[in-house]
Amino acid sequence: MPEVESYKQGAPCWVDLSASDIEAAREFYSQLFGWELDAMPTGPDMTYYMARLQGRYVAGMMQQMPDTAATGVPSYWASYLAVDNADEAAAKVAEAGGTVLYPVDDVENGSGRMFFAADPTGAQVGFWQAGSHIGSGLVDEPGAPVWSELQTNDVPRAIRFYEAVTGCTTETAPAGELSEYTNFIVDGKPVAGALKQPMGGVPSFWMTYFKVEDVDLAAARVADLGGQIHVPGFDVPGVGRLAVLTDPNGAAFSIMAAESAGTR
């Protein structure tokens, strides 16, 4: 069981969903991935749900804030990168060409400290300084996160930002049918990827991948549960089989059955 006890700075460590209909999201993902959801009150009329798999937390979800929904922002999965010191990381954002969207703040009960930023290409990303909550305690298992990928309109500009803020390094090489795919490297290991946005007109964003045992069966299950299949299962040599989907609220995510274990 690929259990995780800590994350190195620069590695993706957590994902959470901002849902326009949290009840629909809870039902969908519980049935799709077998998650058990623990309700964590976070304020008046606000609840954060922690998804548990095999006894460990793997992801979070919450009802989209009314003021956010009013601006037309769709439901989305957000990725968080681990940092040793949130204040120091936030101080580097502007100099690296990004924008702090939500300032550094403490999360209740000593869970950690976090902030949200937009990189220079517009992709929004969270940064997490672990307290009692390290992030996903289980990865590379069916129903758990397996990979995070930045899909951006300007790969070189984006990767310079993440290198400057987190100190990660990058390596770019052909991958499958792609002439260029960039891996973010932390402690000598690939922890996330980046590629030129494959869909024209789509803003830069971080894509979350969840592991499944069978991509085609899982994609069919998504459709049965009210989601949509946007890119049916396809094979990437040396990586595995992938599909791109949206949940009933329209939040995009991908699934993967990997050829080899271990992406973090």
Side-chain angles (χ1 to χ4, degrees), residues 4 7-15 76-84 89 92-99 116-128 135-136 139-140 145-211 215 230-231 234-245 252-264:
V4 181
Y7 286 89
K8 298 286 188 178
Q9 176 159 298
C13 62
W14 186 244
V15 294
Y76 67 96
W77 278 99
S79 294
Y80 294 75
L81 305 180
V83 291
D84 297 331
K92 297 176 182 178
V93 166
E95 185 176 347
T99 304
F116 248 89
D119 73 24
T121 71
Q124 297 188 17
V125 63
F127 293 86
W128 181 257
S136 300
V139 298
D140 296 346
V146 65
W147 191 242
S148 294
E149 182 179 82
L150 174 63
Q151 299 188 5
T152 174
N153 296 311
D154 190 336
V155 174
R157 189 180 181 197
I159 63 177
R160 287 194 296 269
F161 170 82
Y162 294 99
E163 290 173 337
V165 174
T166 72
C168 69
T169 58
T170 56
E171 294 178 355
T172 301
E177 296 182 355
L178 295 174
S179 59
E180 288 188 351
Y181 189 87
T182 298
N183 280 309
F184 292 93
I185 307 298
V186 172
D187 203 25
K189 299 177 182 178
V191 296
L195 79 164
K196 179 74 172 178
Q197 173 57 260
M199 298 174 285
V202 176
S204 301
F205 76 105
W206 278 87
M207 173 70 82
T208 296
Y209 287 74
F210 295 100
K211 189 169 185 178
V215 164
H230 287 271
V231 181
F234 63 98
D235 296 312
V236 177
V239 176
R241 189 164 178 80
L242 317 176
V244 183
L245 316 161
F253 66 101
S254 293
I255 54 176
M256 177 169 69
E259 290 184 358
S260 58
T263 56
R264 294 175 188 246

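This chain uses plain numbering: 1 for the first residue, then up along the sequence. Values below: all heavy atoms of this structure, side chains included; hydrogens, waters and symmetry mates excluded.
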T166 vs F127, test: side-chain contact (heavy atoms from CB on, under 4.5 Å). Steps then yes/no. CA-CA 10 Å; T166 72; F127 293 86; 4.0 Å; yes

Steps toward side-chain hydrogen bond (donor to acceptor under 3.5 Å, both in side chains) verdict (T182, T170): CA-CA 6 Å; T182 298; T170 56; over 6 Å; no

Apply the test side-chain contact (heavy atoms from CB on, under 4.5 Å) to residues V236 and L242: give CA-CA distance (whole Å), side-chain angles for both, the deciding distance (0.1 Å), then the verdict. CA-CA 8 Å; V236 177; L242 317 176; 3.7 Å; yes

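Side-chain N/O atoms of Q151 and S204 include no donor and acceptor closer than 3.5 Å. Remark: the T121 side chain and the D119 side chain contain an N/O donor-acceptor pair separated by less than 3.5 Å. E171 and Y181 form no side-chain donor-acceptor contact under 3.5 Å, judged by distance and modelled atom types alone.
Shortest non-hydrogen contact noted between K196 and V155 is N-CG2, 3.5 Å. Residues L178 and L195 share a closest heavy-atom pair of CD1-CD1, 3.8 Å. Minimum interatomic distance between H230 and L245 (heavy atoms only, all atoms of both residues): CD2-C, 4.0 Å. Here the closest non-hydrogen pair linking Y7 and A82 is CB-CB, 3.8 Å. Between G193 and W147, the shortest heavy-atom distance links the atoms N-CZ2, 3.3 Å. Of all non-hydrogen atoms in G10 and V186, the two that sit nearest each other are C-CG2, 3.8 Å.
Side-chain contact between D235 and R241: present, with at least one pair of heavy atoms (C-beta onward) separated by less than 4.5 Å. Between S79 and P12, every side-chain heavy-atom pair lies at or beyond the 4.5 Å cut-off. Annotation: side chain of V215 is not in contact with side chain of F234 (no heavy-atom distance under 4.5 Å). Looking at heavy atoms from C-beta onward, L81 lies out of side-chain contact with W128 at the 4.5 angstrom threshold. By the 4.5 Å heavy-atom criterion applied to side chains, M207 and V244 are counted as neighbours. Side-chain atoms of D154 and P156, non-hydrogen and from C-beta on, do get closer than 4.5 Å to each other. Within the 4.5 Å cutoff, side-chain heavy atoms of F210 are placed close to those of P145.
Centroid-to-centroid, the aromatic rings of F205 and Y76 stay 6.0 Å apart or farther. Note: W206 and F116 fail the aromatic proximity criterion, with ring centroids not under 6.0 Å apart.
No donor-acceptor pair under 3.5 Å is formed between the side chain of E163 and the backbone N or O of T169.
Note that NZ of K92 and OH of Y162 are 15.0 Å apart. Values are rounded to the nearest 0.5 Å. For the atom pair F161 CZ and L150 CG, the distance stands at 10.5 Å (nearest 0.5 Å). For the atom pair W14 CH2 and S136 OG, the distance stands at 5.5 Å (nearest 0.5 Å).
Electrostatic pairing of D140 and K211 does not count as a salt bridge here, judged by no charged N lying under 4.0 Å from a carboxylate O.
Each of D187, D84, V191 was compared with K8 under the side chain to side chain contact (heavy atoms under 4.5 Å, CB included) criterion, and only D187 meets it.
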